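Reminder, nothing fancy here: chain letters follow the sequence lines and each chain counts from 1. The shown structure was predicted, so the numbers you read here are calculated from the model rather than taken from an experiment.
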There are 2 protein chains.
Amino acid sequence: MQLTQQYRCFEGEQRIYTLDSQVLKTKTKLGVFLPPQALLGQPCPALFYLAGLTCTEETFSIKAHAQRLAAQLGLIMITPDTSPRGEQVAEGDSWDIGQGAGFYINATQTPWAEHYQMESFIADELYDWVNQNLPIQTQKIGIMGHSMGGHGALTLAFKYPEKFKSVSAFAPICAPSQCPWGEKAFSQYLGTEQSDWKKHDATALIQAKGAVFKEILIDQGLQDQFYAQLNPALFKQVCAQVGQSLTLREHVGYDHGYYFIQSFIDEHLQFHIVQLEH
Amino acid sequence: MQLTQQYRCFEGEQRIYTLDSQVLKTKTKLGVFLPPQALLGQPCPALFYLAGLTCTEETFSIKAHAQRLAAQLGLIMITPDTSPRGEQVAEGDSWDIGQGAGFYINATQTPWAEHYQMESFIADELYDWVNQNLPIQTQKIGIMGHSMGGHGALTLAFKYPEKFKSVSAFAPICAPSQCPWGEKAFSQYLGTEQSDWKKHDATALIQAKGAVFKEILIDQGLQDQFYAQLNPALFKQVCAQVGQSLTLREHVGYDHGYYFIQSFIDEHLQFHIVQLEH
């Protein structure tokens with residue numbers, strides 16, 4: 001582990017670490033925002049943010065505009081990269097598969113299985129690393145994400161509710177088994193057996209597991225250029241069926257990008273703080 | 001003029017325009033944030049932001065995190081590119097000269113003079129364009145900038161106080177005649193006659209013109225990696241000599257980048273609103 005970049009920010013620190021990941025079998029970068037309280041050594045609640053296709057560990061810290069309120073709330077932000085990377089890591093033939101497109105699952109198929117173990121990396125290796133190395137209140141860790149990372153946040157929360165106590169998303173891929181992005185990624189990473197896909201599909205997972213969280217918050221832009229990939233209505237329907245409380249806010253005029261995210265990021269941080277503190 | 005990108009943001013709109021500039025003799029891009037009040041057609045105060053070396057019309061809108069408060073305050077943000085660009089425009093041999101490094105002056109020397117007329121572009125052509133095309137309260141326009149753009153903001157404010165009613169800067173190049181960046185740019189753009197340089201040097205300008213503004217706000221990080229290029233102490237000394245009120249805030253731990261800027265951007269917006277409204 002190496003602290004490779006650090007910037008003073010709202011009396012806290014925006015950091016980039018480089019980790020030598022055993023799970024990913026490659027070096028990987030990690031963004032961390034430490035609020036001033038954490039710099040003083042006070043244990044703080046923490047929030048994982050999983051980014052979308054083509055993004056990196058830096059996208060959130062530059063574009064989401066969360067540090068101001070995270071500093072006020074005393075919230076640690078943890079922003080991993082979206083896939084393993086490196087010369088020895090399979091690349092993929094386009095922006096929606098391979099590097100930058102890990103989908104937060106453990107691949108079982110060649111050539112991906114060797115490095116693409118993002119689920120285990122996030123939920124085990126990185127989760128343990130941040131708890132051992134940052135002043136985190138271990139019972140107050142939430143998870144959120146955007147697009148592919150919204151899929152990641154919802155699925156990891158339902159797979160590991162003992163680890164993630166609150167969950168929210170911006171424009172998540174709610175049913176990857178039923179959209180082109182997910183069909184491409186799942187068939188390449190997991191193979192063609194559709195029953196394997198269901199374990200990593202938020203809509204199918206909630207249908208199988210039932211209500212787990214007190215509340216889920218999702219924000220969705222109605223001018224989202226990728227709306228057809230996201231299926232929020234399917235997710236809403238399943239939440240209603242199983243009694244999982246969901247606040248799905250639909251916003252006229254907003255698209256899929258970070259100008260949308262920055263507009264509502266404060267409310268997500270506040271949502272998590274309320275969920276984690278109560 | 002073409003509106004080439006628009007994004008809903010805090011119920012306002014982040015826009016990118018492409019202008020066919022007569023002054024720059026090339027197309028140039030322009031970032032504009034319109035707060036919700038402006039979208040409703042209400043005249044609003046406006047603030048020019050001039051970016052630093054290597055930046056573009058988009059840097060501010062992505063990295064400075066100003067839209068939240070600009071939307072609340074009803075403040076239009078105008079963010080031009082940092083130089084003329086295009087295949088026919090002289091490029092320069094490094095990142096601190098030529099494209100991305102226009103220094104907000106009118107070049108007189110070959111090969112720069114043909115396109116590098118950033119002072120006239122900002123203070124005349126663009127100034128007129130925004131007043132004609134955006135719902136701006138023409139008596140309530142301020143200017144701010146960062147680094148090279150801080151130099152630009154301070155010098156344009158003192159050259160055109162009838163146009164810019166308030167001025168602030170982050171880590172400005174306060175005395176370009178006396179630092180390597182400025183010496184390189186001024187000798188190439190203006191020639192070797194040092195008396196010409198003084199007209200475009202904030203410290204020299206204030207010495208010549210005396211106090212003009214009720215107050216100037218400058219924020220400076222004390223871990224700024226380019227501190228030796230900036231000379232805030234010279235500027236402070238000259239302001240004191242001529243009776244120009246200056247608030248120079250020095251911040252322990254902060255560097256030259258946008259994590260510094262985002263930490264204090266709200267206070268600049270508030271400063272300008274107070275200056276413009278009173």
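Neither the backbone nor the side chain of A:E13 has a heavy atom closer than 4.5 Å to any heavy atom of chain B. At a 4.5 Å heavy-atom cutoff, A:Y258 makes no contact with chain B through either its backbone or its side chain.
The side-chain heavy atoms of B:Y7 and A:H256, taken from C-beta on, include no pair separated by under 4.5 Å. With contacts defined as side-chain heavy-atom distances shorter than 4.5 Å, the pair A:Q262/B:C9 qualifies.
Here CZ of A:F260 is found 11.5 Å from CZ of B:F10. Values are rounded to the nearest 0.5 Å. Separating the NE2 atom in B:H65 from the CD atom in A:Q67 is a distance of 5.5 Å, to the nearest 0.5 Å. The CG atom of A:L222 lies 11.5 Å from the CZ atom of B:R8; values are rounded to the nearest 0.5 Å.
Contact count against chain A (heavy-atom pairs under 4.5 Å) is highest for B:S61 among B:A71, B:G257, B:S61. Chain B forms the most heavy-atom pairs under 4.5 Å with one residue out of A:G12, A:A64, A:G253, A:G221, and that residue is A:G253.
Residues B:D266 and A:R68 approach most closely at OD2-CD, 3.6 Å, considering heavy atoms. Pairing each heavy atom of B:E11 with each of A:Y254, the nearest pair is N-OH, 2.6 Å.
Shown here is A:K63, whose NZ atom has no more than 12 heavy atoms of other residues, nucleotides or ligands within 6.0 Å. At most 12 non-hydrogen atoms from other residues, nucleotides or ligands lie less than 6.0 angstrom from CD of B:E91.
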